[in-house]
Asker: 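Starting off with a structure, shown below.
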Amino acid sequence: MTTAQNILNDPFMNKGTAFTLDEREKLGLVGVLPPYVQTIEEQAQQTYLQFQSKGTNLEKRLFLMEIFNTNRTLFYYLFAHHLDEFNPIVYDPEIAETIENYSHLYVQSQYAAYLDVEHPENIETTLRNAAGDRHIRLIVVTDAEGILGIGDWGMNGVDISVGKLMVYTAAAGIDPASVLPIVIDAGTNRRQLLDDPLYLGTRHERIRGERYYAFIDRFVRTAERLFPRLYLHWEDFGRENAATILNKYRNSIATFNDDIQGTGIVTLAGILGALNISGGKLTDQTYLCYGAGTAGAGIAERVMDEMMGEGLSREEALNHFYMVDRQGLLFDDMDDLTPQQRPFARKRSDFKNADQLTDLEEIVRTIRPTILVGTSTQPGTFTENIVRSMCETCERPIIFPLSNPTELAEATAQDLIVWSEGKALVATGIPAGSVTYEGVEHVIGQANNALIYPGLGLGMLASEASLLTDEMISAAAHSLGGMVDATQPGAPVLPPFKDVRRVSTRIAEAVARKAQERGLSRTGQTDMAAAVHDIQWEPRY
Ligand SMILES: NC(=O)c1ccc[n+]([C@@H]2O[C@H](COP(=O)([O-])OP(=O)(O)OC[C@H]3O[C@@H](n4cnc5c(N)ncnc54)[C@H](O)[C@@H]3O)[C@@H](O)[C@H]2O)c1
Ligand SMILES: O=C(O)C[C@H](O)C(=O)O
Ligand SMILES: [Mn+2]
């Protein structure tokens with residue numbers, strides 16, 4: 001290939017029509033581009049008009065990915081200028097459709113790395129090939145067993161790694177050349193994929209147990225060796241593996257599970273925001289977790305930790321929590337509880353109606369929660385009866401249906417506001433429009449980890465922290481306090497996503513300072529605000 005084509009095909013170098021005449025002369029590009037030299041503003045204007053002409057969200061996303069594939073700077077310039085509009089298209093919920101159809105829609109690999117559990121000997125070569133001469137600081141890795149709420153999507157899940165990293169850059173200014181999206185293809189149990197002649201992954205059921213964990217371990221060790229000061233983000237692993245992997249590595253390397261910790265932070269911040277509006281106290285709340293999997297248990301643990309921070313003993317704090325999963329209310333005599341559920345399980349003998357506590361309405365009537373958080377993947381399960389029943393004993397119930405994507409949410413914000421006659425303090429996992437009820441416009445916060453993981457990562461990279469501790473996580477949740485004017489009727493419980501750049505900087509500084517305070521920072525910088533500022537990448541030529 002000629003140099004001109006190499007440059008135009010490299011999305012990190014390519015400026016397209018924005019190459020100046022001087023650059024065209026120097027780089028061997030004379031005559032291979034249209035003659036008019038555009039500014040990035042002009043390119044963005046032209047590209048945005050094309051974007052607007054697309055009929056469906058899928059077409060819009062595919063178009064944006066075309067820009068991503070050819071010119072990263074232009075893509076992020078556009079994303080930064082249309083954050084709110086692009087977020088649901090680049091990321092959740094539209095990303096669910098492109099994951100389901102990844103193999104059919106495949107055009108190019110987008111600098112992702114594809115690891116195969118059956119070939120651990122290829123880990124190092126793959127990572128080297130994918131990184132090239134780039135210095136990788138951030139990896140998002142998935143094995144796609146639990147993509148959002150849509151389950152096992154095998155190799156197709158690589159798109160969640162690509163998508164999460166796009167949000168990292170747009171929301172926090174992480175240098176896109178320093179990131180690496182990875183899928184670990186451990187097989188898939190989805191028949192539809194195994195039978196699909198166009199499926200691009202390996203064709204076997206999921207490999208589990210010893211071989212799987214040996215592979216994960218070799219991957220971690222290799223990545224840590226090849227990429228010094230790496231921050232390793234795990235996404236959408238299955239319920240069993242997610243917590244096991246995090247617990248194995250959290251005390252030795254800088255690592256993070258988004259579904260457990262990221263969701264915990266954003267949901268705690270949302271609850272603190274809601275209590276700020278209602279004037280309630282966290283230690284007075286009764287918390288009901290509906291769907292006690294990776295996210296549900298992760299959130300409960302974070303909220304419980306916060307209660308302990310406010311002075312409760314572990315036993316006292318646990319008393320405020322109830323967990324519901326497939327079996328109904330979780331009791332300690334059940335033999336199929338996960339290690340994360342077990343501490344929260346209740347005594348059957350404490351309930352006269354224990355046999356009826358398989359039904360969420362009955363559970364709500366019995367325990368009278370003031371906070372109800374849904375991470376169950378079961379749509380429509382937060383019913384009108386449940387909401388009305390919560391309102392009978394609680395002035396401002398906190399109700400967060402967090403399951404993604406759109407069609408899996410436990411309730412819509414609209415229904416929750418109407419059924420509660422404007423009393424419920426609501427946040428949803430996917431973006432929701434505001435709801436006007438009796439003249440008050442209720443702005444709905446988005447309790448999606450995307451509001452926090454970019455800032456958290458920015459703080460980790462800026463401070464070069466060696467570990468991500470619970471204290472740093474708590475600092476992240478608290479840093480969002482005061483960003484919303486709680487005195488405004490209908491105010492959201494979290495800052496809006498359009499403010500995410502500001503949110504990210506706040507979180508990053510709080511996290512980096514905490515790392516520094518605890519001696520975990522490895523940067524020479526002492527001023528953490530400056531460290532955060534200095535590391536941020538801007539989309540400009
Ligand atoms: N808003 C966010 O930031 C965010 C973050 C992470 C996960 N989520 C969403 O939360 C949901 C769960 O994700 P996860 O990673 O925790 O998955 P998971 O599979 O680990 O957990 C889901 C849990 O729901 C339980 N469940 C299934 N059917 C149920 C029923 N009928 N009643 C009660 N419980 C039931 C499952 O047994 C499981 O324990 C997904 O929809 C995901 O998109 C949202
Ligand atoms: O990806 C999202 O939108 C949030 C979360 O990580 C999820 O798994 O649902
Ligand atoms: Mn996730």
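First listed ligand is number 1; within each ligand, the first listed atom is number 1. Both backbone and side-chain heavy atoms feed into the values below; hydrogens, waters and symmetry mates do not. As the structure is a prediction and not an experimental result, all values here were calculated from the model.
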Asker: Have a look at ligand 2 and work out which part of Asn404, if any, has a heavy atom under 4.0 Å from it: side chain, backbone, both or neither.
Answerer: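 It is the side chain that touches ligand 2; the backbone stays farther off.
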
Asker: Please state which part of Arg326 comes within less than 4.0 Å of ligand 1, counting heavy atoms only: side chain, backbone, both or neither.
Answerer: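 Both the backbone and the side chain of Arg326 come within reach of ligand 1.
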
Asker: What atoms of ligand 2 come within less than 4.0 Å of a heavy atom belonging to Glu235?
Answerer: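 The atoms of ligand 2 under 4.0 Å from a heavy atom of Glu235 are 6 (O).
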
Asker: Heavy-atom contacts under 4.0 Å between Asp259 and ligand 2: side chain, backbone, both, or neither?
Answerer: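 Side chain only; the backbone of Asp259 stays clear of ligand 2.
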
Asker: Counting from 1, what ligand 1 atoms have a heavy atom of Ala292 closer than 4.0 Å?
Answerer: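 The atoms of ligand 1 under 4.0 Å from a heavy atom of Ala292 are 39 (O).
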
Asker: Check each heavy atom of Ala242 against ligand 1 and say whether those closer than 4.0 Å belong to the side chain, the backbone, both or neither.
Answerer: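 No part of Ala242 is near ligand 1 at this cut-off.
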
Asker: If you stand at the Mn ion (ligand 3) and look out to OD1 of Asp236 and OE2 of Glu235, what angle do those two lines make, to 10°?
Answerer: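 If I round to 10°, I get 100°.
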
Asker: May I ask you to identify, for Thr263, whether its side chain, its backbone, both or neither come under 4.0 Å of ligand 2 on a heavy-atom basis?
Answerer: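 No part of Thr263 comes within reach of ligand 2.
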
Asker: For atom 2 (C) of ligand 2, which protein heavy atom lies nearest, and how many Å away is it?
Answerer: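 That would be Tyr91 OH, 3.1 Å.
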
Asker: Return the residue, atom name and 0.1 Å-rounded distance of the protein heavy atom closest to atom 3 (O) of ligand 2.
Answerer: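 Closest protein heavy atom to atom 3 (O) of ligand 2: Asp92 OD2, 2.6 Å.
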
Asker: For atom 5 (C) of ligand 2, grab the closest protein heavy atom and report residue, atom and distance to one decimal in Å.
Answerer: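 Going atom by atom, the protein heavy atom closest to atom 5 (C) of ligand 2 ends up being Asn449 ND2, 3.4 Å.
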
Asker: What's the shortest distance from atom 7 (C) of ligand 2 to any protein heavy atom, and which residue and atom give it?
Answerer: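 Minimum-distance protein heavy atom for atom 7 (C) of ligand 2 reads Leu148 CD2, 3.7 Å.
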
Asker: Report, in ascending order of atom number, the atoms of ligand 1 lying under 4.0 Å from any heavy atom of Asn404.
Answerer: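 Matching atoms, with element in brackets: 1 (N), 2 (C), 4 (C), 9 (C), 41 (O), 42 (C), 43 (O), 44 (C).
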
Asker: According to the interplanar angle, ranging from 0 to 90°, do the rings of Tyr290 and Phe382 count as parallel (below 30°), tilted (30 to 60°) or perpendicular (above 60°)?
Answerer: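 Tilted.
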
Asker: List every atom of ligand 2 that sits less than 4.0 Å from any heavy atom of Lys164, numbering the atoms from 1 in the order shown and giving each element.
Answerer: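 With Lys164 as reference, the close atoms of ligand 2 come out as 1 (O), 2 (C), 4 (C), 5 (C), 6 (O).
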
Asker: Relative to the heavy atoms of Gly149, which atoms of ligand 1 are at a distance of less than 4.0 Å?
Answerer: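 Every atom of ligand 1 under 4.0 Å from some heavy atom of Gly149: 40 (C), 41 (O), 42 (C), 43 (O).
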
Asker: Is there a protein heavy atom less than 4.0 Å away from atom 19 (O) of ligand 1?
Answerer: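 It does not; no protein heavy atom is within 4.0 Å.
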
